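Below is one structure, written out as structure tokens; comments come after it.
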There are 2 protein chains.
Amino acid sequence: MTEEHHDLQSESCRGVSRVLARIGDKWSVLIVMMLADGPRRFNEMKRMIDGISQRMLTLTLRGLERDGLVSRTVYPTIPPRVDYELTPLGHSLREPVMALGQWAQANLDHIADAQARFDRRTAAESEPAGLRPVAY
Amino acid sequence: MTEEHHDLQSESCRGVSRVLARIGDKWSVLIVMMLADGPRRFNEMKRMIDGISQRMLTLTLRGLERDGLVSRTVYPTIPPRVDYELTPLGHSLREPVMALGQWAQANLDHIADAQARFDRRTAAESEPAGLRPVAY
DNA sequence: CTGTATCCTTAGAGATACTG
DNA sequence: CAGTATCTCTAAGGATACAG
């Protein structure tokens, strides 16, 4: 960069967008966080996450594996056993993600308030004729 | 928390998921970053972002406004002028987001490599019969 | 200039059944 | 147990036209 001009399309902004496209989906962060303190098996994760479908667990894990955030180890036993574990890269991602989590924690109420105020404001706009409630 | 047990469904993890659902979409982070150094007008942003549709710019800005991250100021002139600006809350979000951005910057190559290796590995699996390339 | 409204096409995601 | 294969539904997002 030769100037103060922040080019939104290149460099770091592209990077954030790409990472967000990866971990911004419905399950990735949950999975990364779950693997924080050690390897887990497939069905173990499926039970822990509550609401995730087998399909989405597979797809999400494949995606994370492809990006090098998670490693997959197959034990050729019967019945088969597969362990998923965070790679060093995956672990390193936890820091910025947890920073975001703490921001979320700290501001959840603030955001809820803002939403409530916004909704009241916009509701008021669609009913600008005095303060009376609509009486059918 | 009374124990070492990390409940994935409650507390901070819920928070991260909700924030990610908000800023994890295609445009929000880009917009927050663009507003970093001051207010911008609607069309100004539309030109800067490249590829965003008028519809999505409106929707994304409404979402950010609803959550209290962005403020919207209308100047009732002709032609109309509307300024969007980060609220203090919006500014505070920039820190964890930029942390994520720096992680992305630092690991883009690493990730690209992992993807390439993964793709080669999986391509190899679907063609396990020797090393010869498929010759039509 | 700053939006809405509408239509349309995909990508995300759940449910279910089946396989090694 | 750990997946894959389909089918289906919905929501996200783009294109375009119109309005204040």
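A quick note: this is a predicted structure, and the numbers were derived from the prediction, not measured. Each chain gets a letter, A, B and so on, in the order its sequence line appears, and its residues count up from 1.
With sequence neighbours excluded, no residue forms a salt bridge (charged side-chain N to carboxylate O under 4.0 Å, His left out) with B:Glu95. Listed by chain and number, the residues in a salt bridge (charged side-chain N to carboxylate O under 4.0 Å, His left out) with B:Asp83 are B:Arg81 (sequence neighbours excluded). Take B:Arg66 and apply the salt bridge (charged side-chain N to carboxylate O under 4.0 Å, His left out) test, not counting sequence neighbours, and it matches A:Asp119. Take A:Asp113 and apply the side chain to side chain contact (heavy atoms under 4.5 Å, CB included) test, not counting sequence neighbours, and it matches A:Arg117. In this structure, the side chain to side chain contact (heavy atoms under 4.5 Å, CB included) partners of A:Met98, at least two apart in sequence or on a different chain, are A:Met33, A:Arg94. Residues satisfying the side chain to side chain contact (heavy atoms under 4.5 Å, CB included) test with B:Arg72, not counting sequence neighbours, are B:Arg62, B:Glu65, B:Val74, B:Val82, B:Tyr84. Remark: A:Arg55 engages no residue in a salt bridge (charged side-chain N to carboxylate O under 4.0 Å, His left out) (not counting sequence neighbours). For A:Glu85, the side chain to side chain contact (heavy atoms under 4.5 Å, CB included) partners at least two apart in sequence or on another chain are A:Pro39, A:Ser71.
Side-chain contact between A:Leu64 and A:Leu35: absent, with no pair of heavy atoms (C-beta onward) separated by less than 4.5 Å. Annotation: side chain of A:Arg47 is not in contact with side chain of A:Asp50 (no heavy-atom distance under 4.5 Å).
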* **side chain to side chain contact (heavy atoms under 4.5 Å, CB included) between A:Ile23 and B:Leu100, intermediate numbers included** => CA-CA 11 Å; A:Ile23 65 159; B:Leu100 206 59; 4.1 Å; yes
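From the 5' end on, the contacts that DNA chain D makes with chain B at under 4.0 Å to a non-hydrogen atom open and close at D:dG13 to D:dG20.
With B:Glu44 as reference, B:Arg40 is the one residue of B:Arg40, B:Arg41, B:Lys46 to meet the salt bridge (Lys or Arg N to Asp or Glu O under 4.0 Å) rule.
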* Structure fact -> Once base and sugar-phosphate atoms are separated, protein heavy atoms under 4.0 Å mark nucleotides 13-18 of chain C, 5' to 3', with B, S and - as BBB---
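Sequence order on DNA chain D of the closest nucleotides to A:Thr58 and A:Pro80 puts A:Pro80 first from the 5' end.
Note on B:Arg41: a side-chain N or O is less than 4.0 Å away from OP1 or OP2 of C:dT2.
Looking at every heavy atom in both residues, B:Gly90 comes nearest to B:Val32 through O-CG1, 4.3 Å.
Two end axes, each from the C1' atoms of five base pairs, can be drawn for the helix from C:dC1-D:dG20 to C:dG20-D:dC1; they diverge by 40°, to 10 degrees.
In this structure, B:Tyr75 reaches neither bases nor backbone, as no heavy-atom distance under 4.0 Å exists between it and the strands shown.
Atom OH of B:Tyr84 is separated from atom P of C:dT2 by 8 Å (rounded to the nearest Å).
Using a 4.0 Å cutoff on non-hydrogen atoms, the parts of residues 61-72 of chain A near DNA chain D are A:Arg62, A:Arg72, ordered by number.
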